Amino acid sequence: LAGMESVGARSAADLERQRIGTLLANSPQLLDRIPLDDGSVASSVALAPDGQHFAIATHLQNGRRKIRQYDLADGRELWTTDSSDLTHNLSVAMGAPHGRLHYSADGRRIIVGIMAQPPFAAPMTPDQISLSADDGHVLKPAQLPEGFSDIVYDEQARHAIVRWRSQPALSFPDRFQ
């Protein structure tokens with residue numbers, strides 16, 4: 001800008017100053033950072049619909065996974081749920097990081113799945129977990145078949161498809177409810 005002004009291009013410098021101001025005013029800015037002191041890595045982040053909370057999915061090198069919810073205003077951790085042994089689908093679920101993480105539209109539930117590891121049988125959102133956004137407790141359908149394979153929730157976590165194998169020797173689930 002100083003160079004433009006030094007050669008007499010004052011109006012061009014003013015226009016460029018407005019462009020830079022508009023860009024800065026509309027760009028996301030880092031407000032704070034929250035270190036994860038246990039050595040875990042965040043694989044997914046979701047902002048609650050009310051803009052007051054956010055959740056992250058984390059994993060460690062040893063395959064342990066957690067879901068954590070924080071207060072957006074002060075960065076305080078509200079709760080943590082260990083989700084390592086909550087998924088059931090095949091061997092790829094064990095140790096795989098969480099994939100997509102999101103809140104239901106009313107903000108009362110958090111839904112998270114396992115990061116899809118190609119090749120993987122459809123659907124692309126296998127083995128999801130639903131948690132209460134209030135305290136992190138795990139929400140499950142009331143009647144789960146014995147030995148179920150996995151659960152896939154709708155966007156609001158009000159309905160679920162539960163899949164299981166009719167015979168343990170089958171590689172993929174062949175039954176659902």
Side-chain angles (χ1 to χ4, degrees), residues 24-118 120-144 148-164 173 176-177:
L24 291 174
N26 292 294
S27 297
Q29 297 180 13
L30 179 63
L31 299 176
D32 203 352
R33 67 178 185 85
I34 299 170
L36 301 172
D37 56 5
D38 63 355
S40 60
V41 176
S43 60
S44 301
V45 178
L47 181 63
D50 65 6
Q52 304 297 312
H53 305 99
F54 67 97
I56 63 170
T58 64
H59 69 278
L60 290 164
Q61 270 189 323
N62 66 6
R64 302 300 298 173
R65 298 182 299 251
K66 292 180 182 178
I67 308 299
R68 307 169 193 226
Q69 181 169 259
Y70 293 86
D71 183 274
L72 189 62
D74 61 13
R76 179 176 41 97
E77 185 176 303
L78 301 174
W79 53 259
T80 298
T81 298
D82 187 323
S83 56
S84 301
D85 300 321
L86 298 177
T87 53
H88 296 85
N89 196 355
L90 309 173
S91 61
V92 298
M94 296 321 201
H98 283 302
R100 183 170 182 245
L101 171 76
H102 68 279
Y103 284 83
S104 58
D106 62 9
R108 296 181 59 206
R109 295 174 183 84
I110 297 170
I111 302 102
V112 62
I114 295 296
M115 193 174 288
Q117 305 283 331
F120 204 107
M124 288 305 293
T125 55
D127 218 3
Q128 293 180 322
I129 302 165
S130 177
L131 302 135
S132 167
D134 290 333
D135 59 10
H137 78 270
V138 178
L139 303 171
K140 293 183 189 176
Q143 298 175 343
L144 288 172
F148 74 95
S149 171
D150 72 322
I151 303 171
V152 178
Y153 292 94
D154 70 354
E155 289 295 310
Q156 305 305 317
R158 295 191 192 286
H159 303 281
I161 296 174
V162 178
R163 301 185 306 169
W164 71 94
F176 66 93
Q177 70 180 32

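Since the model is a prediction, treat every value here as computed from it, not as a measurement.
- In this structure, Thr81 and Gly136 approach most closely via the heavy-atom pair OG1-O, 2.5 Å.
- Between the side chain of Ser104 and the backbone N or O of Arg109, at least one donor-acceptor pair lies under 3.5 Å.
- When atom types are taken as modelled, the side chain of Ser132 and the backbone of Asp134 share a donor-acceptor pair closer than 3.5 angstrom.
- Residues passing the side-chain hydrogen bond (donor to acceptor under 3.5 Å, both in side chains) test with Ser130, sequence neighbours excluded: none.
- The backbone N or O of Ala105 sits less than 3.5 Å from a side-chain atom of Gln156, completing a donor-acceptor pair.
- Considering all non-hydrogen atoms of both residues, Leu101 and Ala46 come closest at O-CB, 3.4 Å.
- The backbone N or O of Tyr70 sits nowhere less than 3.5 Å from a side-chain atom of Trp79 that would complete a donor-acceptor pair.
- The structure places CG of Asp71 at 5.0 Å from CZ of Arg76, a figure rounded to the nearest 0.5 Å.
- Closest approach of Ile67 and Ser83 over heavy atoms only: CG1-OG, 4.0 Å.
- The main-chain N or O of Thr80 is never found under 3.5 Å from a side-chain atom of Gln69 such that the two would form a donor-acceptor pair.
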Given salt bridge (Lys or Arg N to Asp or Glu O under 4.0 Å), test Asp82 with Arg64 step by step and report yes or no. CA-CA 8 Å; Asp82 187 323; Arg64 302 300 298 173; 2.9 Å; yes

Step-by-step side-chain contact (heavy atoms from CB on, under 4.5 Å) determination, Thr58 to Arg68: CA-CA 8 Å; Thr58 64; Arg68 307 169 193 226; 3.5 Å; yes

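- Checking side-chain atoms of Ser43 against main-chain N and O of His98 turns up a donor-acceptor pair under 3.5 Å.
- Minimum heavy-atom separation, Tyr103 to Phe54: OH-C, 3.4 Å.
- Just one of Leu72, Leu78, Leu47 meets the side-chain contact (heavy atoms from CB on, under 4.5 Å) condition when paired with His53; it is Leu78.
- Residues that satisfy the side-chain hydrogen bond (donor to acceptor under 3.5 Å, both in side chains) test with Asp50, not counting sequence neighbours, are absent from this structure.
- Partners of His102 under the side-chain hydrogen bond (donor to acceptor under 3.5 Å, both in side chains) rule, at least two apart in sequence or in another chain, are Arg100, Glu155.
- When every heavy atom of Arg65 is checked against every heavy atom of Ser84, the shortest pair comes out as N-OG, 2.7 Å.
- In terms of heavy atoms, Gly39 sits closest to Leu60 at C-CD2, 3.6 Å.
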His137 and Leu131: side-chain contact (heavy atoms from CB on, under 4.5 Å), yes or no, with the steps? CA-CA 5 Å; His137 78 270; Leu131 302 135; over 6 Å; no

